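To keep things clear, I will list the structure first and then write my remarks on it.
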Protein chains: 6
Amino acid sequence: MSTLIVINPNSSHTVTGGIDVAITPLRSFGIPIRCLTLAEGPSGIECQRQADLTIAPMLELAAAQTDAAGYVIACFGDPGLHALRDQTDLPVIGIQEAAVVTALTLGQRFGVIAILPHSIPRHLRAFGAMGVLDRLAGDRALGLGVADLANPHTSLDAMIATGRQLRDDDGANVLIMGCAGMASYREPLQEATGLPVVEPTQAAVSMALGQIQLDLSHKPQSTDHA
Amino acid sequence: MSTLIVINPNSSHTVTGGIDVAITPLRSFGIPIRCLTLAEGPSGIECQRQADLTIAPMLELAAAQTDAAGYVIACFGDPGLHALRDQTDLPVIGIQEAAVVTALTLGQRFGVIAILPHSIPRHLRAFGAMGVLDRLAGDRALGLGVADLANPHTSLDAMIATGRQLRDDDGANVLIMGCAGMASYREPLQEATGLPVVEPTQAAVSMALGQIQLDLSHKPQSTDHA
Amino acid sequence: MSTLIVINPNSSHTVTGGIDVAITPLRSFGIPIRCLTLAEGPSGIECQRQADLTIAPMLELAAAQTDAAGYVIACFGDPGLHALRDQTDLPVIGIQEAAVVTALTLGQRFGVIAILPHSIPRHLRAFGAMGVLDRLAGDRALGLGVADLANPHTSLDAMIATGRQLRDDDGANVLIMGCAGMASYREPLQEATGLPVVEPTQAAVSMALGQIQLDLSHKPQSTDHA
Amino acid sequence: MSTLIVINPNSSHTVTGGIDVAITPLRSFGIPIRCLTLAEGPSGIECQRQADLTIAPMLELAAAQTDAAGYVIACFGDPGLHALRDQTDLPVIGIQEAAVVTALTLGQRFGVIAILPHSIPRHLRAFGAMGVLDRLAGDRALGLGVADLANPHTSLDAMIATGRQLRDDDGANVLIMGCAGMASYREPLQEATGLPVVEPTQAAVSMALGQIQLDLSHKPQSTDHA
Amino acid sequence: MSTLIVINPNSSHTVTGGIDVAITPLRSFGIPIRCLTLAEGPSGIECQRQADLTIAPMLELAAAQTDAAGYVIACFGDPGLHALRDQTDLPVIGIQEAAVVTALTLGQRFGVIAILPHSIPRHLRAFGAMGVLDRLAGDRALGLGVADLANPHTSLDAMIATGRQLRDDDGANVLIMGCAGMASYREPLQEATGLPVVEPTQAAVSMALGQIQLDLSHKPQSTDHA
Amino acid sequence: MSTLIVINPNSSHTVTGGIDVAITPLRSFGIPIRCLTLAEGPSGIECQRQADLTIAPMLELAAAQTDAAGYVIACFGDPGLHALRDQTDLPVIGIQEAAVVTALTLGQRFGVIAILPHSIPRHLRAFGAMGVLDRLAGDRALGLGVADLANPHTSLDAMIATGRQLRDDDGANVLIMGCAGMASYREPLQEATGLPVVEPTQAAVSMALGQIQLDLSHKPQSTDHA
């Protein structure tokens, strides 16, 4: 049966598992969803160079899924999004773009919680390409080192502190978690800030399921050759 | 059982029926959907004045739906969208904003097919408020009189001609139908232009179902009083 | 004699009285000005829902003024502005848009003093629709509760503190008072911040008088039917 | 008695005379208005170089008007606008900026009728500096040579043709005459296009009178030294 | 001796040769320049997928140039630009961004001549990420098939026709050739349109040489660890 | 031999000397460069009025350089930039625009270090006219009085403090020195902030030399008279 393929372009099975849990509520929509880990990916994607290097194996992994009904690329940064759209007519959604467009319906200005400061220029390029900078309240990094990021309590505390700063100093009305695999923090972050929080893999899977069900693709079948 | 409420703010049962058909594919997601006609609305909404005057009765109709899990306001122009968000914590989606944000994932520049030329300034104000004007290719009216609009063949022909103009003269990569109740034209329009076509009630219902299922609202429950 | 009609869409006669005083210097221009209170309005307009619900009775009140030469809608938020423009050919000015365009001639970046934090997303939607976000320095709320707002000294102190923050932290070169009926604070606020301060009803009445005198309307008489 | 000074920075008394007639309706506001011709200016201002060279003598002429209550610089392009604001605390309005901000209240997208194609990049720089490019429908030149421009019938015909093109091809809802001294064409242009037409000297004088009467300046008196 | 490395990421030696000729005038600046062909690249880059797949081998080729003083990525679309910046501290310039920023100094609105229509959305994403869409007049494709593109006369004719359309219909004041290796058309195109024409590899090499000479890099040596 | 003319529009020989030193590394490109001081200029340019008044004598000084191959106007604010482009077909570069477009290739958001707070609105108008506000992180003044500015240690300390604030509070990835003649601070500022620092006269001379060598002008020779 046609299946939505969610590709985690890093090699961390923990992250893929976190994505799988995050999207569980959407399984009731009736379309099978399969979450894949990119074996060739790095353990985490921290810069544009790492992101770009996942594209070639990701495209191959995507092409090998013969039962695909559509794809979600589950890395904030959407590496290879347009390359995969060149490769297939099926719906393809990036979690970054899905998180942003979902946030546009939940508050006037969105704040982004970045894991690493180095990601922020990359985000800004993407938001500029999307043409949504007028809706951006701010993009702030957690300010944690690698060791601290491994500690759930420290991470959640930093997320809440960053979320409150985006709310109070930057005027954010909605927050976006700038990373896959951290959906378990969504509810406490929402609770602690009073703002809606968009978990990007949830947003992307939700949009992808809708586009699959509505037969809506970036390249529809057509006889027009203008 | 909690139900997504879709309110057509004009009084045309034909339009409501068209919406009901349009969203049929999304009923398989398992959340009940009920489409309502606003008895107090005009037979069609042609200007901002008519749109604004639907807000008061629409808010009452919405409040009366005690089994609501969320709302879709099914008029391109999204009258009362933010008023209803003030009134309820449940997800509220406007078809105009949903069509636009969906189109953002399907092509770099979207073209809008307006029914009447008078609507275009209203659209532009909304796209400006949404901060997405950099993604707009163009917004063009069908150029039909009321009599011609009643004729499906003439309407479809005009839609196709307008869609091709948006594609060829304005550089649109995706089209938005600027009206509810015309979903039957989506496929032929897509076929004739080779571009993805977003039908706004489909886009809105799809987003609303996702937000309901993910318990994602513009006003989450919170204990934070900052 | 043809009269400029200024409608305060809330039911507070105190606010209407404050507007009346604010525009006194412009009475010397020779065009009669009549300030009306909307009996059906709430005592104060605090959200989009309240604002939208004033539109229907405001349109009726406007239509009943048979000697109207033009209209000013005297609520920051400009509820029903475009609806009233649909209803009449006479000049119609909203105090929010007039304050903003006047500020554009007085400083490179304008700061807005909002009464309530909840208003800010509404302002931002309006500034986006107006296409002037590049000129916005910031929009900050007074941070006062209802009781404090009733106290003139506390209010003025909060306005001055907010204005200085907009000037020093956000880089505002001109300030806009985001509310009708507070014109008495304009001079002390200007004095305390060294920035020009735009009182929105003054700005709107000034523009409306000019458009009336110049016979300049959004819908001029024309024989062209293109 | 304090007087609004309108400076035509070219040396054409015909243009100054045209300005004087254009603003006649605003004399009833009761503030004296004096229109001056800059003897040192060129007969017409056709490029940035000519515009910039008027600034030094214009500043001197302005400084010599000891009864000034405010100033209007009556050349589309607003040469020396910010220099004069550096020189004086009195209200200073440029006709280009006044025309644009007035147009913002009369239609969603404004079209500009330029006399010469060479002026268009200059206009676009100004609209960018003003941050209003999202509201610009188009800026088109008349396409006439110098001889044709001297002929009122040819000029009006070209204005109407250009205005219709801005309306029909570019989607303008309001037109701006990109030149001083042509106010006599405003009414026929409005009549022929069905769009409101902003004559820039009228718009500027109207705004200046309001600012004078409201004691509203870009540099208010203040004791604050922050 | 430290050398500027220019990498053509397609495998066409003809294109590399064209680049080599194009930049000849800049050899007199005294910094050695070496033009390389990416053996692993496709014969031509026509879509985002092809572009992205060049990144991995391009990064390796770049890393292997041990005498590099800086890099130019010579494909309009700038594939791998930020990835290479992650990999090296040396100056890295993309020909697309260099062409655009150079054009910003030569005319108010730039027009882009795209080889294939499919490239235009890719360009627009890049211009959005660069934040320069307000300066874009238009982006138009030549409208030629592969066979016609091989014919220099047909290509030049199409370039001139497209350039004139960008000038006359879209208001471009400066043109950008949206492709490497066609520098021989610059002069005739300039001659035929009267507009300055930016050849992107020339623009990029010129900027790279300046940054090398000024020791100006995106990652300067620093002891600051804030 | 054809020479690049760099005009310092203030009368300070110290500033001109500083510019001369700053551009020394670019003399190896082989094109003669001559730095001139505008005798008629003020000792420093602090406002738009002073800037505008330099234009007339600057245009004369430029016209008198019969061996000119191109021009750089070496005042941040670019006074007379477009006037000089009207006067000559040779390349003309302003240091402000060159600094900005160079910064666009070195970081996603640029921060500007202004000498005086009064300059900031002037900068913002220029960045708006350039259409690059989406790339601006912030523009901050040193906060020094005239006496402190004369002290190199105090100046450098203030520059470093301001640069760090632009980096940490505003998110700048690259810094621009908003003044000519301070190139000696570039390296220590870069070292202290870890960000690339653009010295505007260096950026401008580099671009001008490239355009001269490539025979690239805003007004190319052409036979086209469309």
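Side chains included, hydrogens not; waters and symmetry mates left out as well; all remaining heavy atoms used. Note that this is a predicted model, so its numbers are computed, not measured. Numbers restart at 1 for each chain; the letters A, B, ... are given by sequence-line order, proteins then strands.
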Among C:Glu199, C:Lys219, C:Arg186, residue most engaged with chain D (heavy-atom pairs, under 4.5 Å)
C:Arg186

Report which part of [X] has an atom under 4.5 Å of a heavy atom belonging to chain D: side chain, backbone, both, or neither.
X        : answer
C:Ala98  : neither
C:Ser28  : both
C:Gln108 : side chain
C:Leu195 : backbone
C:Val205 : neither

Assess whether side-chain contact (heavy atoms from CB on, under 4.5 Å) is satisfied between C:Leu216 and D:Gln202, documenting all intermediate values.
CA-CA 10 Å; C:Leu216 185 55; D:Gln202 291 182 333; 6.0 Å; no

Heavy-atom closest contact ([X] atom, [Y] atom, distance):
X        : Y        : value
C:Glu97  : D:Leu104 : OE1-O, 4.3 Å
D:Ser217 : C:Pro196 : O-CB, 3.0 Å
C:Arg135 : D:Met130 : NH1-O, 2.8 Å
D:Ile31  : C:Phe29  : CD1-CE1, 4.1 Å

Distance (rounded to the nearest 0.5 Å) between [X] [atom1] and [Y] [atom2]:
X        : Y        : atom1 : atom2 : answer
D:Asp134 : C:Asp134 : CG    : CG    : 7.5 Å
C:Leu106 : D:Arg85  : CG    : CZ    : 7.0 Å
C:Asp215 : D:Gln190 : CG    : CD    : 7.5 Å
C:His218 : D:Thr105 : NE2   : OG1   : 10.0 Å
D:Thr102 : C:Met207 : OG1   : CE    : 4.0 Å

Distance-only, no hydrogens or angles: does the D:Gln213 side chain make a donor-acceptor pair with backbone N or O of C:Pro25 under 3.5 Å?
yes

For chain C, which of D:Gly107, D:Ala22, D:Ala129 has the most heavy-atom pairs under 4.5 Å?
D:Ala129

